[in-house]
Amino acid sequence: MEAHPNAAMLRTRTIIPSPPPSLALSKRLPSPSPSPLPLLSPSVILSEPVKPSFHRFPLFSNPHTLRTMTLSKCFSHSGPKPESEPEPEPDSPHTLVVVSFYKFADFPDHALLRNPLKQLCQRLRVSGGIILAPEGINGSICGTRESVEEVLTFVESDDRLKGLRRVESPVSPEEEAIHHGHSATSPLAAGEDAPFRWDHVRVKLKKEIVTLGMPTVSPIERVGKYIGPEEWNALISNPDTVVIDVRNNYETRIGKFKGAVDPCTTSFREFPSWVDEHFQLTETDDREHPKVEVNSVQPAEKEMDNKRQHMPRVAMYCTGGIRCEKATSLLLSKGFKEVFHLEGGILKYLEEVPETESLWEGECFVFDKRVSVEHGLVPGNFKLCYGCKQPVSDADMEAPEYEYGVSCPHCFAQKSDEEKERARARQRQFERWGIIGGPDKGRRPTCEQESTNRKPNQLSRSI
């Protein structure tokens, strides 16, 4: 137990107990005259001396009992509970928010920002994950509005990172409890990648803030045209527009825009190959009007067959907009002329466009413990498979391939028995300690610890 901050003072003071209820005490006031008890703080001296001796009462006849009771009262939590603090207003600086942000920039000295940024997040109890790379910054963080704003202000203090593109999401009461660690036995509160724990933040150094694997594609130099959510419906409803979902298959299978082409990629690195495979560019004498041939291999791409003789207008979208920055830059480098992308991504669209006017179908996968969101950015109905980190529905969790924390119908066949057993061991650690690896996370157990685990009674005998 942590020492009480006034323990030393308590040991050196003469302690006067509270009188029995039958004795009326006057208001406690500091005495201007010298105290008859020099070791007693003036703030606790009674304005009038109490004549009866407490030692006449059996309860106070033993000085040791008196001291013990007084000290135990200082450390006891059995007293009256303070009134619960009122919940903060929605726009209060103390409400929790989730903010996703990114900025492409020429940032070769990105590593210098890692330690001060991580220390600031830890001090302000801001959680989540941030990626730093030579091409900029990308992150998603959770904390009080005041703390998050302080972190973002610190990031933008570097002129190269000014003008962060950001999307803000509200935090539900359940997520707020997770953020404060109220569910210590749940993987939601204790996972390696739980962004709603105040004591868990990652600041990573990588080669790219979003991995495409093509250094020549630079959103700093050129990107497609941004289209706001209010104009997006008209653009994608135009029959001459090819709508492409830039996300991966585990994201697209739970929701996408009506009529969008799904590349069915498992990672963003596969997108350039998909473009080369499905858009066969043919250069002409007039470079302003190159031709494009489209190979249609999926039912959703049949609409592209009619656009073989001219360069199609392309509208692209992703979760928050960052992948589209590189995807549109890639298509422009391939010769496309009309390339658009949804500003703020799906998240901004779901936040601003009413559900009655929306062309979005399903839910949107997000990379935090909300797993998915619906219109208004309220949490969706999907859960996360901790075996493959993919979204699972209620029907998936009823399937025989589903094992909590181990596998689901989407990853069961791809996992070996050894991988499943490791996942079971990981899940047991969750259930026992509430964190991966238990209290000795990151350290090899000593022989004494292993012996203690095998013989729990031995420890009690030694004590």
Where is the tightest heavy-atom contact between [X] and [Y], given as atom of each residue plus distance?
X      : Y      : result
Cys142 : Val148 : C-CG2, 4.1 Å
Asn381 : Asp394 : O-OD1, 4.5 Å
Glu401 : Ser407 : O-OG, 2.9 Å
Ile346 : Leu342 : N-CD2, 4.0 Å
Val217 : Pro219 : O-CD, 3.8 Å
Leu347 : Cys364 : CD2-SG, 4.2 Å

At what distance, to the nearest 0.5 angstrom, does [atom1] of [X] lie from [atom2] of [Y]?
X      : Y      : atom1 : atom2 : result
Arg166 : Lys348 : CZ    : NZ    : 9.5 Å
Lys204 : Leu132 : NZ    : CG    : 12.0 Å
Leu96  : Thr144 : CG    : OG1   : 7.0 Å
Tyr102 : Ile137 : OH    : CD1   : 13.5 Å
Leu330 : Phe271 : CG    : CZ    : 6.5 Å
Ile220 : Arg160 : CD1   : CZ    : 10.5 Å

>> Apply side-chain contact (heavy atoms from CB on, under 4.5 Å) to residues Ile227 and Tyr317 and explain how you reach the verdict.
In response: CA-CA 10 Å; Ile227 297 295; Tyr317 67 90; over 6 Å; no

Verify, without hydrogens or angle tests, whether [X] (side chain) and [Y] (backbone) share a donor-acceptor contact under 3.5 angstrom.
X      : Y      : value
Ser157 : Phe154 : yes
Trp360 : Gly362 : yes
Lys103 : Lys162 : yes
Gln427 : Val406 : no
Glu357 : Pro354 : no
Asp245 : Ala260 : no
Arg114 : Val203 : yes
Gln122 : Val201 : no
Ser329 : Val223 : no
Glu208 : Ala133 : no

Heavy-atom distance under 4.5 Å between the side chains of [X] and [Y], does that happen here?
X      : Y      : answer
Trp232 : Leu359 : no
Asp158 : Leu113 : no
Val261 : Trp274 : yes
Asp276 : Lys334 : yes
Arg253 : Gln390 : yes
Ile130 : Cys121 : yes
Lys206 : Asn138 : no
Cys408 : Tyr402 : yes

Go through the side-chain N and O atoms of [X] and [Y] and say whether any donor and acceptor fall under 3.5 Å apart.
X      : Y      : value
Arg323 : Thr319 : yes
Thr265 : Asn248 : yes
Thr252 : Asp262 : yes
Thr241 : Arg313 : yes

> Between Glu363 and Lys383, is there a salt bridge with N-O shorter than 4.0 Å?
Replying inline: no

> Given Lys225 and Glu231, is the salt bridge (Lys or Arg N to Asp or Glu O under 4.0 Å) satisfied, shown in steps?
Replying inline: CA-CA 12 Å; Lys225 182 179 179 180; Glu231 303 172 316; over 6 Å; no

> With a distance cut-off below 6.0 Å to the six-membered ring centre and an angular limit of 45° from the axis, does Arg165 pair with Tyr226 as a cation-pi contact?
Replying inline: yes

> Between Lys420 and Phe412, is NZ or CZ placed under 6.0 angstrom from the six-membered ring centre and within 45° of the ring axis?
Replying inline: yes

> Which is it for Glu403 and Lys415 under the salt bridge (Lys or Arg N to Asp or Glu O under 4.0 Å) test, yes or no, and what are the steps along the way?
Replying inline: CA-CA 12 Å; Glu403 183 179 351; Lys415 286 186 172 293; over 6 Å; no

>> Checking Lys389 against Phe367 for the side-chain contact (heavy atoms from CB on, under 4.5 Å) test, could you report, in this order, the C-alpha distance in whole Å, the side-chain angles of both residues, the deciding distance, and whether it holds?
In response: CA-CA 9 Å; Lys389 303 299 176 66; Phe367 296 89; over 6 Å; no

>> Ring centroids only, cut at 6.0 angstrom: are Phe365 and Tyr250 within range, meaning strictly under it?
In response: yes

> After noting the C-alpha distance and the side-chain angles of Glu149 and Arg145, does the key distance pass the salt bridge (Lys or Arg N to Asp or Glu O under 4.0 Å) rule?
Replying inline: CA-CA 6 Å; Glu149 288 296 337; Arg145 184 179 300 278; 5.3 Å; no

>> Run the side-chain contact (heavy atoms from CB on, under 4.5 Å) test on Phe268 and Thr211 for me, step by step, so that the C-alpha distance in whole Å, both residues' side-chain angles and the decisive distance to 0.1 Å come before the verdict.
In response: CA-CA 7 Å; Phe268 191 43; Thr211 304; 6.0 Å; no

> Can Phe257 and Tyr349 be said to form a ring pair (Phe, Tyr, Trp, His ring centres under 6.0 Å), step by step?
Replying inline: CA-CA 11 Å; Phe257 279 105; Tyr349 182 91; 4.8 Å; yes

> When you look at Leu331 and Met316, which way does the side-chain contact (heavy atoms from CB on, under 4.5 Å) test go after all the steps?
Replying inline: CA-CA 10 Å; Leu331 262 61; Met316 314 175 84; 4.0 Å; yes

